[in-house]
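Below, read A as the first sequence line, B as the second, and so on, with proteins coming before strands; counting in each chain starts at 1.
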2 protein chains.
Amino acid sequence: MSLRYALLALLTAQPMTGYDLAKAFHVSVGHVWHAPDSQIYPELKRMVADGVIEGEAVAWGPKSTKTRYSISAAGIEAFTRWLDEPVEYPYDRDPAHLRAAYFEWADPDSARARLREHIVHYTERRAQWQGQLDAIRDRTHPILARRIQTDTRHSAEAIAAFKEFTYEGFVERADQEIAWARRGLALVDALQPGGAEPDRG
Amino acid sequence: MSLRYALLALLTAQPMTGYDLAKAFHVSVGHVWHAPDSQIYPELKRMVADGVIEGEAVAWGPKSTKTRYSISAAGIEAFTRWLDEPVEYPYDRDPAHLRAAYFEWADPDSARARLREHIVHYTERRAQWQGQLDAIRDRTHPILARRIQTDTRHSAEAIAAFKEFTYEGFVERADQEIAWARRGLALVDALQPGGAEPDRG
DNA sequence: TATACCATGTAATAAGTTACATGATTTG
DNA sequence: CAAATCATGTAACTTATTACATGGTATA
């Protein structure tokens, strides 16, 4: 159900067509709550049916139209009500840590490969999150800039501060995962003296 | 597909009936990869069909039987092959951080409530993970103890070290989430001077 | 005029969630 | 003999994944 609120959040910044919204999604809130286009379009239809957004057809070329969606009063209400509800935490399900727990069954080089992949994965994620953070801090993030312009009820300071806060948490998480995997590499080396060269990195 | 390997991992320690396995699951690897009984039993049937485990009926009372499952040679092979494959990282989908990003729309007391709930949630999780860690370290963890007894190819040291390593990562993650939420409380207070009492905790 | 990209999906599948169901057995 | 718990699920639903589909529009 979070996808709905992620989309509502985007539409509090400005009305958008489905396509623009999907694009904006992937470069902003999609970093926090992933969804493919094939999930976004049907959800938008359901949201119209439920009255939380409105869709109007706008001309596109000589014989085509596209739909521009805007949040309704009911949508604003649903969005703020959602913020008042407790979070439903997902169950723990962590494929990387699951494997790490049974590394005694893996070839030491295989274990090292998994840990290095973990570092690569979180290094890439970290770069993405840090990129968001930088753009939020210097106000070059296009969706944030637009939001600050159009939102009259909230201060630019507060709008940006909570987005910064969110991504800071992710960057710290990435750092923690990288540090954890490095310790794992050291552990594999310690348990398997004479294996591959100890990792420097 | 990870559920299958979590179950195989448990069965490398010893053969178990479905019921015992489900119970053991919930107090051990279920902390890393959650699954309800209603997912475990059907998966066991599929695993028998795929030949990675074998089920034998054992008498239970005068007129009933239960099934005892043991890992097969093919199962051991599937399990170790799984450790050789790269991890498929799930997409990011974080309901708590998603909300935090839009706290400017929330009543400050609502934002505080969400952040306090975050602290409570991770404090509880941390206690569970730390409990596992303590039991692993002093070798009182029943499944680990059994595993160390029955596993002739891996050293007790390595078996325990990787489980420790796994749970250490979770404990650190919990600490990070708690610290993050505390900073969030401070941020809400800073943006809303004169709101509720600043949090001490 | 071809290529990129705009626009919007559908279909099939997989995985996981919640609620409920049923009967046998052991134990106090 | 009642209660707990052992034992094993099924059904209905929701959510998400992957792959594919289709045609219009702008631009070089």
Side chain of H34(B), heavy atoms from C-beta onward: which of dA16(D), dT10(C), dT17(C) has the nearest atom to it?
dT17(C)

Centres of the W33(B) and Y91(A) rings: under 6.0 Å?
no

K66(B) NZ to dT5(D) C1', in whole Å, measures 12 Å

Separation of dT8(C) atom P from R68(A) atom CZ, nearest Å, is 11 Å

Any salt bridge linking R173(A) with D92(B)? Criterion: basic side-chain nitrogen under 4.0 Å from a carboxylate oxygen.
no

Atom-pair distance (CG on L3(B); P on dT17(C)), nearest Å:
10 Å

Whole angstrom value for the distance that separates C1' of dA11(D) from CD of Q39(B)
15 Å

Determine: side-chain N/O of T67(A) to OP1/OP2 of dT8(C), distance under 4.0 Å, yes or no.
yes

The correct set of residues in residues 77-94 of chain A placing a heavy atom under 4.0 Å from DNA chain C is Y91(A), R93(A)

Pair D84(B) + R81(B), salt bridge at N-O below 4.0 Å
no

Under the side chain to side chain contact (heavy atoms under 4.5 Å, CB included) test against R146(B), which residue among I143(B), T150(B), L144(B), I148(B) passes?
T150(B)

Quick one: R4(A) CZ to dT15(D) C1', roughly how many Å, whole number?
13 Å

Does the ring center of W129(B) lie less than 6.0 Å from the ring center of H31(B)?
no

Report the distance from atom CG of L21(A) to atom P of dC6(C), rounded to the nearest whole Å.
14 Å

Salt bridge flag under 4.0 Å for residues E168(A) and R183(B):
yes

If you check every side-chain atom of Y41(A), which of dT8(C), dA7(D), dG9(D) has the closest atom?
dT8(C)

Quick one: is dC6(D) close enough that its OP1 or OP2 comes under 4.0 Å of any side-chain N or O from Y19(B)?
yes

Ordered by number, residues from residues 43-59 of chain B within less than 4.0 Å of DNA chain D (heavy atoms) are K45(B)

Interatomic distance where CD1 belongs to I40(A) and C1' belongs to dA16(D) [whole Å]:
12 Å

For residues A156(A) and R139(A), report the shortest heavy-atom separation together with the two atoms involved.
O-NH2, 4.1 Å

Decide whether a cation-pi geometry holds between K163(B) and Y167(B); the criteria are a distance under 6.0 Å from NZ or CZ to the six-membered ring centre and an angle within 45° of the ring axis.
no

So, does T17(A) use its side chain to make a donor-acceptor pair with the main chain of T67(A) at under 3.5 Å?
no

Value in whole Å for how far the P atom of dA7(C) lies from NE2 of H26(A)
14 Å

Whether each nucleotide of nucleotides 23-28 of chain C has a protein heavy atom under 4.0 Å at its base (B), only at its sugar-phosphate (S) or at neither (-) is summarised, 5' to 3', as BBSS--

R68(B) bridged to D20(B) by N-O distance under 4.0 Å:
no

So H118(B) and H97(B), would you call those rings parallel, tilted or perpendicular, with 30° and 60° as cut-offs?
perpendicular

Assess K23(B) against Y19(B): is NZ or CZ under 6.0 Å from the centre of the six-membered ring, and within 45 degrees of the ring's axis?
yes

